[in-house]
Structures are given as structure tokens and as C-alpha cells.
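Comments concern the structure below.
The structure displayed is predicted, hence computed values, not measured ones.
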Amino acid sequence: MAQAQPTSRIPELDGIRGLAILSVLCYHYISMQGVTTAGSLVDRLQRLVILGGTGVDLFFVLSGFLIGGILLDVRDSPRYFRTFYARRFFRIIPIYFAWISVYILVARFGGKYLLALSHSGNAPPLNYFVYNHYLFLQNFYLDKFHNLAGAWFDHTWSLAVEEQFYLVIPLLVYFLPRKAYKIFLFCVILLSPFLRIVLYKTGILNAGLIGQLTFTRADVLAVGALAALYWREERARTWLQNNSRSIYSALFILFLGFAAFWKWSPYQRAFAMEAAGYSVIAFFYVALLLAALCIPGGPISSIARWSLLRKIGSVSYCMYLIHLVVLVACHAVILRTTPKISTPRGAVITMFAALLTFVIAQISWRIFEEPLLKRGHAFRY
């Protein structure tokens, strides 16, 4: 096989997606407890999963690798743009727009019931900041929602980053010669940390915004896209497949960097994380990805091939959209309280919410997403 074939499904990547969504779920479900007593079991759990939110970075790396790779493979197609955007539309837009529209209906017609369950006494908002989600502009705004609306929308900033990436990456792959494209990716990876440092130190942007704007997080996506580029170069891919010890060494060194940020600067709005942490974590995740792909008999590849993990990964998009609302709703309806894992009943309801999230995502996949995906793949390159 002279060239890798990323346009066919790679089972390990579904497993990596599964790891990403489980990481995000652990972080959000445990952190929803809020501040707890120092040294308590919940406090220790929160500290353990404090970098679980970087599962989003793993999604970014995967997007860069998969989308960048697909576009490289079909660069000469006469239907390059039409097919790419049609497929992305059917994969992303229908369920995402449905999610926004359901919120609008719930907020408009379920206000009294929601107020009865609410612990804030505030009705879910219906304003510009809700409607701009249809345009994927939510990553330009920070912390506009709380309570149910926050659970519904706050995490979708990463979807806006991905969609904005989808608008740009096809143009870069199509119009830049391969060498220029590679140099561009290197420049993005090298310059993005300096841009974040300047923005942070000058106070031009809020630290939270720096962490969720596409042009300040572009290096994470570019790391994945660069890996896809090298994966398609026979010499580089052969070297990777024949040097598992080097991959494991790089993975170990990068894991030490990951652990250092976990120990000393885990907060995503901290200067050290924004200056260097995002980059270190991106390279750690791309090393994890390459270990899964290049060492078929290795432990990472074996874990990524677990059928349950792959099944979770295949429905990770819907799980990501709904997981916080399912958690909040389960605690509000069953226990009439905010999410907690510090009580036995709260822990049980949280685990039930995780299972329910997976079940709903499976149903969504069977009824909506898989047929839509097939519709999108009717468009051929």
C-alpha cells in the first residue's frame, strides 16, 4: 500500500473519540458539584479530572488529522468544495440546529415548569446570544449563560471553532502548494503560543476568550493537520511504523509535560496553560494518535479497538451536545437539586445521566444521524 487511506474508516480513531468524550464527561460531571471541602473525596476527584476538559483538544487534533487528510486525498477532485461542504452539512448542521431549536421551544413554552424546577428563580433566556448559535458565533462571547441555558450552550464554543476551521482548511489545502501548506502549518504551530502570550499580557482579550477563539487555538488543529500531511508521505509513515520505541519515548516525554501542567498549572485560563500548555497537550494527543495508528499490537491501539469504546466514540457528537442538559435535568427532576456526586443518591443519578446520555445518543444515531450521514455521502468526490 503506497498511500494511507484515511477516507476509509479507521477503527482506532473511533476509540480515540471515545476516550475524548469520556474525558469531557468525567470533567463536567464531577466539576458540576462546584467548590467542595478541601481534601474531601469529591475535591480529590475534581483534582484528578481537572484536565479532562482537554478532551476537547483531542477532538481538535482528530479533526485536523481527519479533515486535513481527507482534503489532501481529494484535492484534485472537480467536486472538491461541493462534496466537502455537503458532507459536513449533513453531519453537523441538522442535529445541531435541532438542538438550538429545541431549546428555543422549551424556553418559550415550558417557562412555568422550568421555573418550578429552577434553583435560580430565573427563566431561561431568549436573546441574541441564543440565536447567534445558528451562525456559530458563540465562541466570540464568554460566560453569557447560566443554569439550564449554560448547560445547553456553554460547551458549544468548541463546535464553533470546528465549523470555522471547516471554512478555512479546504481553501488552504486547495490553493497552497503542498510545501507552502506544510510551512503554513509549522508557522501556525510556532506562532500561536506567542500570540496567546501577547494577548494575555497586554489584556487585549479576556483569558477565557483566548482559550476559545479559533485563531488562538489554531495550533491544536494544525498539529493534527500536520500529522495527516506526514502520514501521507511514504517515507515518514514507514519511519513511524518502524520506530515504535521513538513514538513511545516521545509519548512518555510529552506525558511528563502533561502531568506537569496537571500538577502545577491545570487551570485553562492560567497564563502557563495558555502560553505553552495547549501546545504541549496537543503534541501529547497527536503522539497518542500516532501510537494507536502506527503500533497495531501495542496497548494504546488495543484499547482504542475496544468495541464499547468505539461505540461510544461513534456517537460522541450527540453525547457532547446533550450530556450537560441530561445531567442537570436528571438531578432537577428526580432529586429536585443541582448536580452533586457527594451523596450516594447524587452519585447514582450522575451515573444514570451518563448512561442515559449514551442511550439517547445511540437512538439519535440510528434514527437521525446515520441516515443523514448516508445522505451526505451520496455526494461523491
Any chance [atom1] of [X] has more than 12 other-residue heavy atoms, nucleotides or ligands included, within less than 6.0 Å?
X      : atom1 : result
Phe97  : CZ    : yes
Tyr174 : OH    : no
Lys311 : NZ    : no
Arg44  : CZ    : no

Legend entry - Asp219 bridged to Arg196 by N-O distance under 4.0 Å: yes
Testing the 3.5 Å rule here: is there a donor-acceptor pair between the side chains of [X] and [Y]?
X      : Y      : value
Tyr285 : Thr54  : yes
Tyr320 : Ser158 : yes
Tyr141 : Tyr128 : yes
Tyr134 : Ser101 : yes

For the residue pair [X] and [Y], does the interplanar ring angle fall in the parallel (under 30°), tilted (30 to 60°) or perpendicular (over 60°) class?
X      : Y      : value
Phe255 : Phe258 : parallel
Trp99  : Trp152 : parallel
His155 : His323 : perpendicular

Legend entry - Ring centers of Tyr80, Tyr381 separated by less than 6.0 Å: no
Legend entry - Pair Tyr96 and Phe136, ring centroids less than 6.0 Å apart: yes
Legend entry - Contacts of type salt bridge (Lys or Arg N to Asp or Glu O under 4.0 Å), residue Arg91, not counting sequence neighbours: Glu369
Which donor-acceptor pairs under 3.5 Å do side chains of residues 288-301 form with protein atoms, sequence neighbours excluded?
residue, atom, partner, partner atom, Å
Ser301, OG, Ala292, O, 3.3
Ser301, OG, Pro296, O, 3.2

Inset, instruction - Please say which of Phe153, Trp157, Tyr103 ends up in a ring pair (Phe, Tyr, Trp, His ring centres under 6.0 Å) with Phe145. - result: Phe153
Legend entry - Straight-line distance of Thr156 OG1 to Leu324 CG, nearest 0.5 Å: 10.5 Å
